[in-house]
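Working notes, structure below.
To find a chain, count down the sequence lines: A is the first, B the second, and so on, and within it residues start at 1.
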Protein chains: 2
Amino acid sequence: MGLQTDLREKLISDYAKLSPQMQKAARYILDHPNDVALRSMRALARAANVPPSTVTRLMTAIGVETWQDFRDHYQTRLLDQPASYARRARETQKTDNDVDRDQHLLESICRTEIDNVSDAYSPDLVSRMIATCEAIENARQVFIVGRGAAYPAAFQFAYAYRLFCDNGVLVDGHSGTFGDELRGIGRRDIMIAVGAKPYIRDTVRAVEFAHSQHCPVIAVTDSDVSPIATDAHSKLVVRDTSQSFFQSFTAALSVMQALVALLVARGGPKALQRIAAAEEQLAVFDTYLED
Amino acid sequence: MGLQTDLREKLISDYAKLSPQMQKAARYILDHPNDVALRSMRALARAANVPPSTVTRLMTAIGVETWQDFRDHYQTRLLDQPASYARRARETQKTDNDVDRDQHLLESICRTEIDNVSDAYSPDLVSRMIATCEAIENARQVFIVGRGAAYPAAFQFAYAYRLFCDNGVLVDGHSGTFGDELRGIGRRDIMIAVGAKPYIRDTVRAVEFAHSQHCPVIAVTDSDVSPIATDAHSKLVVRDTSQSFFQSFTAALSVMQALVALLVARGGPKALQRIAAAEEQLAVFDTYLED
DNA sequence: AGAGGTGCGAAACATATGTTTCGTACCTTT
DNA sequence: AAAGGTACGAAACATATGTTTCGCACCTCT
């Protein structure tokens, strides 16, 4: 487990001590690391011109229990961001002690959350976020929709956005007024809709209404085929993997915050001035505690 | 390249025409493309919670002869990706200076966010979170307070918590009723207060009121000496470093979610039953979109 | 020369995999 | 109510996979 110093190094250092046939196998593996990740053991053996048993023997020779372990190692190596956390999580759940179990759960949650966040800043998502900013900057009004568990992410954006732009509208009707804020929405506006499975009807309806009014929609959601992402002008698909029954909105929140940061950075000094003005105004309302 | 129209696009465009079960499979594939490259068809089917036959049927439905072909496509996609990273980086550095600056900002935000999150799961915080759970489990009522930018984190917890416990109260008075919910708070209750600098007066007042009524407070905040953490029963100090004028509540949100996950895990089957009941109730209200 | 040891590949083994088949449940449509 | 049609999962199927076993060939060392 934790002792897994890089197997590639191990293979190189032990190379001299291996039998000729094993060297042949080891050499092929060193030359074609991706084959380990992607092909089967027998297929690799065939490619290396070695019987399967040699490969198994090689495994034991370098102190690896099973081919699975070896393959897993190379698979996670191939993905710069290891995704095999889920499996490890399942393993750790088997521990018996209570506090121990809690600790393991939290560790596993930590890894998952980091995965979720780093995935949200992949090159693809980054360029989409930049494009999204341009769309927001050119919009007349910016409608932000998020219901249920997605509400925090929507709120976060709306709250921060309003500090430097006054054309942001958070669509969160109370007392059954949801949707009222959408009156007048049109092709020159933009809607940012946040939502993951299970999709809340209100959100989907809002998106559909936006489309019917020819208003482009930016979808912050969990899948390319989520009902929110359908016909979206831009899709920001973020991971929401979670150890609990509840999807994680950490990455979504992070993305929303990043959008704000980007908008401010692109807005330059003008944006900062507006923020200062907003804070002054809040001071008048005695919102903050003084130091 | 001729026949290699991107299978991912094909999957998205045909999605609506697929049968429900195939959609389930297609969706899992869209959300976990690497699983196609690295795992077996049966393993993927298991992960997608679909019988193997559905995956085969999906293959024929989208016009792919065999699973091998499909897998090959995703494997080459996986291998080509690192190359496109570098290419895009080079392109953008030469052509567009503005985009480059944006990308760097986002990369830096990414690192910061990951730092914030991983810091929130330090051994110290982990044990505090476990202790916090015990306190919550023993409380009569659980009051959750968070104003302004901290509201999302508070809301997130309250929303999820209420799905399996009915003694949670989100203190978010609208129309000037903030604080009304605190009536009757006492020593057997507990308050979870979320807030970072600048501290919002309402939150601090709520915490002070809780103390005056001998109600223990759990502080999710940015410093050991934050006004919210003063005299707290338990302090969950999370980082909120950010590149923008605005603090990041990503880590705070993550911690709140983790608390929920922990409470559910410790609650065992009973908690799960309650969640099921809550979801049924939401179904009655027609909240969710059906699949 | 023979005993003991090592390296090796063919084959055997149990299991997993990709695909097809088949019966049933659930729809419309008449 | 009956007929036709689609969607679906369980099981059956042949094949492929990872691992172990077995016996042979080739070494050394006395």
To the nearest angstrom, the CG-P distance between A:Leu38 and D:dT17 comes to 14 Å
Under a 4.0 Å heavy-atom cutoff, the residues of residues 48-64 of chain B touching DNA chain C are B:Pro52, B:Ser53, B:Thr56
Donor + acceptor pair across side chains of B:Tyr121, B:Ser254 (<3.5 Å):
yes
Between CG of B:Asp69 and C1' of C:dT19 the distance, given in whole Å, is 14 Å
Can you check whether B:Ser40 has a side-chain N or O nearer than 4.0 Å to OP1 or OP2 of C:dT17? yes
Among side-chain atoms of A:Ser242 and B:Gln257, is any donor-acceptor pair under 3.5 angstrom?
-> no
Here the distance between atom P of D:dC8 and atom CD of B:Gln23, to the nearest Å, is 9 Å
note: B:Lys17, atom NZ; D:dA7, atom P; distance rounded to Å ~ 14 Å
Q.
When you measure from the side-chain N and O atoms of B:Gln68 to the phosphate of C:dG18, is any distance below 4.0 Å, counting only OP1 and OP2?
A. no
Of C:dT19, C:dT17, D:dG9, the nucleotide closest to the side chain of B:Arg46 is C:dT17
Using 4.0 Å as the upper bound for N to carboxylate O, is an ion pair formed by B:Asp6 and B:Lys10? no
When rounded to whole Å, the CE to P distance for the pair A:Met41 and D:dT20 reads 11 Å
**Request:** Considering only NZ, NE, NH1 and NH2 on the basic side and carboxylate oxygens on the acidic side, decide whether B:Arg8 and A:Asp224 come within less than 4.0 Å.
**Result:** yes
A:Gln21 atom CD is separated from D:dC27 atom C1', nearest whole Å, by 16 Å
Here the distance between atom C1' of D:dT20 and atom CD of A:Glu65, to the nearest Å, is 15 Å
_As a quick check of understanding, evaluate salt bridge (charged side-chain N to carboxylate O under 4.0 Å, His left out) for B:Arg27 and A:Asp222, giving each step before the final call._
CA-CA 10 Å; B:Arg27 175 171 174 143; A:Asp222 61 341; 2.7 Å; yes
Comparing nearest nucleotides in DNA chain D, the 5'-proximal residue of the pair B:Met22, A:Arg39 is B:Met22
Minimal heavy-atom distance between B:Ala37 and B:Leu78, with the atoms involved, is CB-CD2, 4.0 Å
B:Phe70 atom CZ is separated from C:dT17 atom C1', nearest whole Å, by 17 Å
Using the ring centroid of each side chain, check whether A:Tyr151 and B:Phe155 are separated by less than 6.0 Å. yes
Which of C:dT19, D:dG18, C:dC8 is nearest the side chain of B:Trp67? It is C:dT19
**Study point:** Phosphate OP1/OP2 of C:dT19 contacted by B:Thr66 side-chain N/O (<4.0 Å)
**Key:** yes
